[in-house]
Amino acid sequence: MIKDNYDMYDSFIIIHGTDTLAYSASAISFMCENLSKPVIFTASQIPISEWRNDAYGNLLQAMTVAVYWIPEVLIVFNSQIFRGNWVIKHSTTDLEAYKSFNLPPLGEMNVYFKLHTYLIRPSPSEDEKFNLFMDIESNINIVYIHPWLQEHAFKNSLKNTRGVVLVAYGMGNFPIN
């Protein structure tokens, strides 16, 4: 829908479930080439059908961010504006469900709206056209490296796959033998 309607709208808001929102936002961010407008993901921990919920606030904040020209895939949640591919869901029960550990939020919306413009990616030039890559390789395994990982288990994870993501420990260390 983004690709088909890209030239008709100034921004996009995607209402999503919380469990896989970080995955979707990250995937879309890498699929978009020369993105020149905001694509905003938002959700709520408490369903909109509940009397006390965070859905309305998160949606209103996403709509507020949508009027700013931020050429990125974003997650707007609990008064925070995050880059979509730097976020993980760290809590299933807290309203502060998402964190970005290696990049501060691009902005906060509390009493004052604070946008950290120095963190925002520049827009592509006028001659660089938007493209959405739809051909996604899904035959990828994730292997968590740990001291007790058996060699046969590691080798089995490499079979019949096109790619492997190695998740190491500490500063990216893992045994080489």
Side-chain angles (χ1 to χ4, degrees), residues 1-6 9-66 68 70-109 119-121 130-146 153 156-158 160-169 172:
M1 290 178 72
I2 293 170
K3 186 175 185 177
D4 293 342
N5 296 288
Y6 189 78
Y9 298 99
D10 293 333
S11 59
F12 298 90
I13 297 175
I14 300 168
I15 301 171
H16 203 286
T18 59
D19 288 342
T20 57
L21 181 140
Y23 290 101
S24 296
S26 184
I28 294 291
S29 75
F30 288 108
M31 293 168 64
C32 292
E33 179 182 45
N34 300 322
L35 181 65
S36 63
K37 51 185 74 175
V39 175
I40 303 164
F41 283 79
T42 194
S44 65
Q45 288 287 72
I46 304 169
I48 200 167
S49 61
E50 297 293 322
W51 177 76
R52 186 184 70 82
N53 69 68
D54 58 330
Y56 289 114
N58 288 339
L59 182 56
L60 181 61
Q61 290 173 351
M63 291 167 46
T64 301
V65 172
Y68 288 83
I70 304 173
E72 298 202 34
V73 175
L74 306 167
I75 292 175
V76 174
F77 198 90
N78 193 42
S79 302
Q80 303 279 313
I81 305 166
F82 297 107
R83 180 167 290 146
N85 55 17
W86 282 74
V87 174
I88 64 164
K89 184 175 182 185
H90 81 99
S91 175
T92 58
T93 56
D94 292 341
L95 294 181
E96 188 179 319
Y98 297 96
K99 291 222 186 257
S100 177
F101 291 101
N102 295 314
L103 180 73
L106 303 181
E108 296 93 25
M109 292 172 284
L119 292 172
I120 297 171
R121 296 179 188 276
F130 173 74
N131 185 33
L132 187 68
F133 294 99
M134 300 295 291
D135 188 21
I136 300 172
E137 178 58 61
S138 60
N139 194 6
I140 297 173
N141 284 342
I142 299 175
V143 178
Y144 289 88
I145 305 296
H146 54 84
N156 283 339
S157 69
L158 301 178
N160 302 319
T161 188
R162 298 280 312 232
V164 176
V165 176
L166 299 175
V167 181
Y169 49 86

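Sequence positions, counted from 1, serve as the residue numbers for this chain.
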- Message: Can you tell me if N5 has over 12 outside heavy atoms packed within less than 6.0 Å of its CG?
- Response: yes
- Under 3.5 Å, side chain of S26 to main-chain N/O of A22, donor-acceptor pair present? no
- Rounded to the nearest 0.5 Å, what separation is found between the CG atom of D94 and the NZ atom of K99? 8.5 Å
- Message: Once rounded to the nearest 0.5 Å, what's the spacing between atom CD1 of I2 and atom SG of C32?
- Response: 5.5 Å
- Item | Approximate separation, where rounding is to 0.5 Å, of K3 NZ and N131 CG | 5.5 Å
- Item | Which atom of I13 lies closest to which atom of A66, heavy atoms considered | CD1-CB, 4.1 Å
- Item | Heavy-atom closest pair, residues P71 and I120 | CD-CG2, 4.0 Å
- Message: Quick check: closest heavy atoms across I140 and V164, and the distance to 0.1 Å?
- Response: CG2-N, 4.4 Å
- Message: For the OG1 atom of T42 and the CD1 atom of I81, what is their distance to the nearest 0.5 Å?
- Response: 11.0 Å
- Got a donor-acceptor contact below 3.5 angstrom from the S79 side chain to the M109 backbone? yes
- For the side chain of D54 and the backbone of S44, is there at least one donor-acceptor N/O pair under 3.5 Å apart? no
- Task: Mark yes or no: K37 above the aromatic ring of Y9, with NZ or CZ under 6.0 Å from the six-membered ring centre and no more than 45 degrees from the axis.
- Result: no
- Among F41, F82, W86, F77, which residue meets the ring pair (Phe, Tyr, Trp, His ring centres under 6.0 Å) test with Y98? F77
- Query: Between L158 and N141, does a side-chain contact (heavy atoms from CB on, under 4.5 Å) hold up when you go through it step by step?
  - Reply: CA-CA 8 Å; L158 301 178; N141 284 342; over 6 Å; no
- Nearest-0.5 Å distance that lies between atom CG in L21 and atom CD1 in I88: 13.0 Å
- Query: Do you know the tightest heavy-atom contact between P105 and L119?
  - Reply: O-CD1, 3.6 Å
- Heavy atoms of S91 and Q45 approach each other most closely as O-NE2, 3.3 Å
- Item | Main-chain N/O of F133 paired with E33 side-chain donor or acceptor, under 3.5 Å | no
- Residues two or more places apart in sequence or in another chain: which of them pass side chain to side chain contact (heavy atoms under 4.5 Å, CB included) with R162? E137, N139
- Message: Can you tell me how the ring of F101 sits relative to the ring of H90, calling it parallel under 30°, perpendicular over 60° and tilted otherwise?
- Response: perpendicular
- For side-chain hydrogen bond (donor to acceptor under 3.5 Å, both in side chains), just list the numbers for S157 and Y144, CA-CA rounded to whole Å, side-chain angles, deciding distance to a tenth of an Å, and then say yes or no. CA-CA 10 Å; S157 69; Y144 289 88; over 6 Å; no
- Query: Between Q80 and E96, is any pair of side-chain heavy atoms under 4.5 Å apart?
  - Reply: no
- S100 (side chain) donor-acceptor with L103 (main chain) under 3.5 angstrom: yes
- Query: Looking at V73 and S29, what are the two nearest heavy atoms and their distance?
  - Reply: CG2-CA, 3.6 Å
- Message: Using 0.5 Å steps for rounding, measure from the CD1 atom of I136 to the CE atom of M31.
- Response: 3.5 Å
